[in-house]
Structures are given as C-alpha cells and as structure tokens.
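One structure below.
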Protein chains: 2
Amino acid sequence: MDKDKKRVSCSECPLRSLPAFRDFSDKELAFVSDFKTGELVADPGATILVEGAHSAHLYTVLSGWAFRYKTLADGRRQILNFVMPGDLVGLQGTLMDEMQHSIEALTPVRLCVFERGRISKVYTQHPTLAFDITWMAAREERILDENLLSVGRRSAFERAAYLLVYLYQRAKLAGLLTGRSAEIPVTQQHVADTLGLSTVHTNKTLRKLADRNLIKWRERACDILDEEGLLTVSSWEGFEESSRPFI
Amino acid sequence: MDKDKKRVSCSECPLRSLPAFRDFSDKELAFVSDFKTGELVADPGATILVEGAHSAHLYTVLSGWAFRYKTLADGRRQILNFVMPGDLVGLQGTLMDEMQHSIEALTPVRLCVFERGRISKVYTQHPTLAFDITWMAAREERILDENLLSVGRRSAFERAAYLLVYLYQRAKLAGLLTGRSAEIPVTQQHVADTLGLSTVHTNKTLRKLADRNLIKWRERACDILDEEGLLTVSSWEGFEESSRPFI
DNA sequence: CGTCTTTTTGACCATTTTCAATCAGTGTGG
DNA sequence: CCACACTGATTGAAAATGGTCAAAAAGACG
C-alpha cells in the first residue's frame with residue numbers, strides 16, 4: 001500500500017471535520033481512502049443534488065456554502081438549512097430510496113464523494129465513523145427543530161434576528177469567519193425563503209434590525225454588530241457545540 | 001443463559017418496530033435483552049422527556065401517542081412532530097449533552113428504555129441495528145423538512161390539509177388505524193401549535209376543510225373523508241414508506 | 001454606458017391574530 | 001336528576017402582521 005499517496009489524499013480529509021476525527025493523524029485516516037471515491041466541485045447556483053434523485057452518493061463538504069431546500073409545485077421555495085464545510089449531505093439519498101430535497105451551491109463548493117454502496121462497510125468495519133454519521137444526523141435534526149420553532153412561532157423580527165446569529169455562529173464554528181463581518185453569501189431572497197416571508201417584508205425587517213444597530217446588511221454579506229442583542233431579540237441561547245461523547 | 005426468559009421479554013420487542021427487525025424471530029432478537037434496561041409508562045399529559053435533561057436514555061415507543069415540542073421563553077409552543085409506536089425518542093439526549101426539546105404523552109404511552117451507556121455496544125457489536133438508528137434519524141429529518149416547508153410556505157388551509165393526511169398516513173403505517181375514522185388524539189390547540197397558527201384561525205381553517213367534505217372533526221379525533229383531496233390541496237405526494245435498504 | 005441583479009419604497013390588500021364571549025360536552029358532588 | 005366546574009370548540013369584530021404589485025434606486029460588471 002502506497003501510504004504516502006494516501007496520506008496526501010487525506011491531508012485535507014473531509015472526515016477530519018467530523019467530530020471523531022478532529023484529532024486523528026493522517027496515518028490514522030489512511031483507511032478513508034477505501035471509502036472516498038472522488039471529489040466534486042460545484043459552481044455558485046449549481047444544483048448539487050436534486051429532489052427525486054436515486055442512488056445518490058454521500059458527500060462531505062470540504063469548502064464553500066450551499067443550502068438545502070424544497071419547493072412546492074407552483075414554485076414556492078423553502079430553504080431548510082445551510083450547508084457549510086464539515087457537513088454531511090445526501091444521507092437521505094443514501095439510506096432511503098431517493099432525495100426529498102435539493103441542494104444548491106451559493107459559492108464554489110468542493111465535495112468529497114463516498115460511494116453509496118460502500119456505506120455498509122463503514123457500519124461493519126468502522127463503528128466510530130458510523131456513530132459520527134448518526135451524530136451528524138442528530139445535529140441536523142436539532143437545527144431543524146429550532147428552525148421550525150422559529151418559522152412557526154417567532155415574529156418576523158425575531159425570526160430574522162435568530163437566522164442571522166445562527167448563521168454567524170455556525171460560520172464561526174466552521175472556521176469561516178475572522179471578524180464580526182460575516183461573509184454570508186446570501187441574498188435577501190434567500191433570507192426570505194428561509195424565514196418563510198416575502199422578499200419585501202424581509203427587506204423591511206432587515207432594515208429594522210439595522211435601525212436598531214444589531215446588524216448592517218451589505219450585498220451578499222452581513223455585519224453582526226450586536227451578537228448579544230440578536231440573541232436577546234430572538235430569545236435563543238446560541239450554540240453550545242457539545243463535542244461528541246466518547247463511544 | 002435462560003433463553004426462555006429472554007424470549008418472553010422480546011415477545012413484543014421494541015426493536016421489531018425498527019425496519020431491520022420486522023421479520024426477525026424472537027430467538028434472533030434475544031440479544032436485545034442486553035440493551036433493554038426497563039419499561040416505562042407515561043400517562044396522558046405527562047412529560048416523558050424535558051428540554052435540558054442530561055444523560056437521558058434512548059427509548060422506543062411500544063404503544064401510545066406523544067409529541068415533541070419546543071417553547072419560547074414567553075410560552076409560545078411549537079409542536080415539532082408526533083411520536084407513534086415504533087419511533088425512537090431521546091436520541092439527541094443520548095448523543096449530545098442534553099435534550100433540546102420536550103416530549104409529552106397524548107395517550108398512555110409505553111416505552112422501552114435503553115441505557116445511554118450501552119449504545120456504544122450497539123455500534124461495535126450490532127452494525128445492522130446501528131444502521132437502523134441512523135435510518136430512523138434520517139427519517140425524522142425528512143419529516144421535519146416537509147413540516148418546515150409546510151409551516152414556511154403553505155397557506156393555513158394547505159397546511160392543515162397536509163397535517164391531517166400526514167397524521168392519517170403515519171398512523172396507518174404504524175398500524176393504529178382500521179377505517180377512515182382516524183383516532184387522532186389531539187385537540188385543536190395541538191393542531192394550532194403544530195401549524196404555527198392561533199387556535200381561532202385553526203378552528204376556522206378546520207371548518208373550511210369540513211365544509212369542503214375533506215374531513216370531519218370530532219373531539220380529539222378526525223375522520224378523513226377524502227384522502228386524495230387532502231393530498232391535492234396540500235400538493236403533497238404522501239408517504240412512499242421505502243423500506244430500509246440492505247446493508 | 002447599458003444591462004443585470006439586488007435592494008428599497010409606497011400604497012393597497014389579504015391573512016392571521018387578539019380579544020371577548022358564547023356554546024357544547026363531560027364529569028362531579030349534592 | 002340538577003347545579004357547577006372544566007375543557008374544548010365556535011363566533012364576531014377590531015387590530016396587527018405580513019403579502020402583493022409596481023416602480024425606482026443602487027451596485028456590480030463587462
């Protein structure tokens with residue numbers, strides 16, 4: 001086995017972004033080559049996965065932003081969540097028959113491809129990794145829960161505040177941000193489709209947040225001026241990114 | 001090992017409700033006794049799991065209805081999903097530090113308790129079961145996606161239609177229903193908190209569905225008069241409960 | 001400079017909420 | 001059996017939130 005080659009392919013191993021592998025050496029990650037079958041790059045606006053797709057593979061995001069969404073027959077769109085480096089996508093397509101949502105790139109996105117058929121090997125041979133996949137699924141569920149609470153019960157103002165701190169904190173955890181100026185590569189249309197509001201009302205709501213010096217909206221970016229304020233407005237506690245327990 | 005005893009305790013094994021174990025014999029399920037640590041019964045209105053709880057166990061629902069929900073500081077409540085026999089609850093509490101949602105019983109609920117600490121053994125020794133846990137998590141995520149689409153983008157009328165067929169179909173899949181008369185043990189308050197509407201508007205919306213002969217609401221129950229009609233109104237395709245793929 | 005996308009605004013309309021009662025059904029104790 | 005308390009369903013009217021339409025302004029970019 002040409003370990004060197006494998007090490008190179010693991011130098012930026014997507015699995016390192018999974019909790020269990022953060023502190024693993026390249027050598028320890030070498031076995032990953034057994035599962036990785038390729039890399040993929042998607043341009044902004046490109047559809048990474050489309051609803052209804054069969055036999056999709058499992059991907060980990062190496063870099064870039066994307067979003068998961070569903071649409072109704074007449075075109076109404078709901079953004080379900082945003083995808084950042086370290087995220088796992090395509091689990092539904094891998095486990096069930098087909099994808100029931102689509103994924104679109106917001107910036108150039110690099111993905112690591114795991115072949116669907118090889119997933120069983122993960123479960124039989126690498127229980128720790130299998131556990132991580134479950135952990136990621138539970139994490140996504142938790143985020144969706146909070147999102148649903150937001151869309152269902154928070155006012156437009158609270159909802160927008162929640163979304164912006166949420167994105168800010170997640171981006172920070174994903175190591176995407178340096179200062180307070182969050183390069184959140186979305187338009188107000190995306191925000192509207194996440195909040196379940198119209199673009200017009202979203203615009204007015206963002207303005208209200210800006211008037212209160214909580215944020216400053218810039219084209220495809222947003223400065224978080226008052227993180228605490230946003231948390232208070234949305235009555236959200238923020239992430240306490242609990243690390244995965246030992247197995 | 002007293003196999004007989006174990007067989008008895010598995011006669012109604014909670015794992016049988018998990019896809020992978022539907023067709024397993026009692027004998028094959030005997031090993032489950034290693035994980036099961038007890039049984040629990042919750043009365044209607046009782047809180048099964050509460051937000052913020054630490055070191056919770058993992059449960060499978062043997063019988064009864066419950067619901068998962070989150071609340072805001074001022075009491076606004078959002079119901080996230082309903083829990084029926086065969087469902088897994090408490091995964092978040094098991095995998096992460098604490099539960100971020102609560103669960104309340106709607107009818108008497110019987111639960112099978114798996115100790116948190118023994119989950120690792122499932123991953124190392126029973127990959128098929130580990131896979132099932134992931135599968136259940138992915139299924140919950142899928143339901144939440146559809147719910148979020150509903151609350152975010154469907155009108156009150158479409159949303160209510162969606163919820164009722166959804167509950168009808170799920171209850172049917174869980175083997176809870178016989179005829180068209182769905183014994184859905186919820187009040188209009190529950191429906192409102194699921195749809196993200198006020199009780200008043202929910203009442204008027206349900207009336208509209210009844211006026212169009214789609215449903216007939218009865219106290220804590222609901223007759224589904226026109227399943228196809230509800231699917232059309234909500235532009236939902238319904239469940240194609242794909243069985244879990246072979247691992 | 002012209003074109004394209006995104007943001008912003010105002011006026012008007014629709015949906016949904018809130019408030020405040022009322023009604024119906026169930027169970028209890030007298 | 002009836003008065004009473006409770007819970008859940010139902011109603012109408014006023015008020016608020018958010019949506020739609022149409023158009024203009026502001027950047028981004030070749």
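The analysis underlying the following values was restricted to heavy atoms, covering all of them including side chains, and did not include hydrogens, waters or symmetry mates. All chains are named by letter (A, B, ...) in the order of the sequence lines, taking the proteins before the strands, and each is independently numbered beginning at 1.
Looking at residues two or more places apart in sequence or on another chain, you find a salt bridge (charged side-chain N to carboxylate O under 4.0 Å, His left out) between A:Arg154 and A:Glu146. Under the side-chain hydrogen bond (donor to acceptor under 3.5 Å, both in side chains) criterion, B:Asn147 pairs with no residue, sequence neighbours left out. With sequence neighbours left out, the side-chain hydrogen bond (donor to acceptor under 3.5 Å, both in side chains) criterion links B:Tyr166 to B:Asn81, B:Arg170. With sequence neighbours left out, the side-chain hydrogen bond (donor to acceptor under 3.5 Å, both in side chains) criterion links A:Asp74 to A:Arg76. For B:Glu51, there are no side-chain hydrogen bond (donor to acceptor under 3.5 Å, both in side chains) partners two or more places apart in sequence or in a different chain. Legend: residues meeting salt bridge (charged side-chain N to carboxylate O under 4.0 Å, His left out) with B:Arg218, ordered by chain and number and at least two apart, are B:Glu183, B:Asp223.
Annotation: the terminal axes of the helix from C:dC1-D:dG30 to C:dG30-D:dC1 meet at 30°, where each axis is the rotation carrying the C1' atoms of four end pairs onto the next four (5 pairs per end, rounded to 10°).
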- Query: In B/S/- notation, 5' to 3', how is nucleotides 12-19 of chain C contacted by protein heavy atoms closer than 4.0 Å?
  - Reply: ----SBBB
- Task: Produce a footprint string for nucleotides 22-28 of chain C: one letter per nucleotide, 5' end first; B if the base is under 4.0 Å from any protein heavy atom, S if only the sugar-phosphate is, - if neither.
- Result: -------
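A 4.0 Å heavy-atom criterion places the boundary nucleotides of DNA chain D facing chain A at D:dG18 to D:dC21, written 5' to 3'.
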With a cut-off of 3.5 Å and sequence neighbours excluded, list every side-chain donor-acceptor pair involving residues 200-217 of chain A.
from     : atom 1 : to       : atom 2 : distance (Å)
A:Thr202 : OG1    : A:Ser198 : O      : 2.7
A:Asn203 : ND2    : A:Gln188 : OE1    : 2.9
A:Thr205 : OG1    : A:His201 : O      : 2.7

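For the segment residues 64-83 of chain A, no residue has any heavy atom less than 4.0 angstrom from an atom of DNA chain D.
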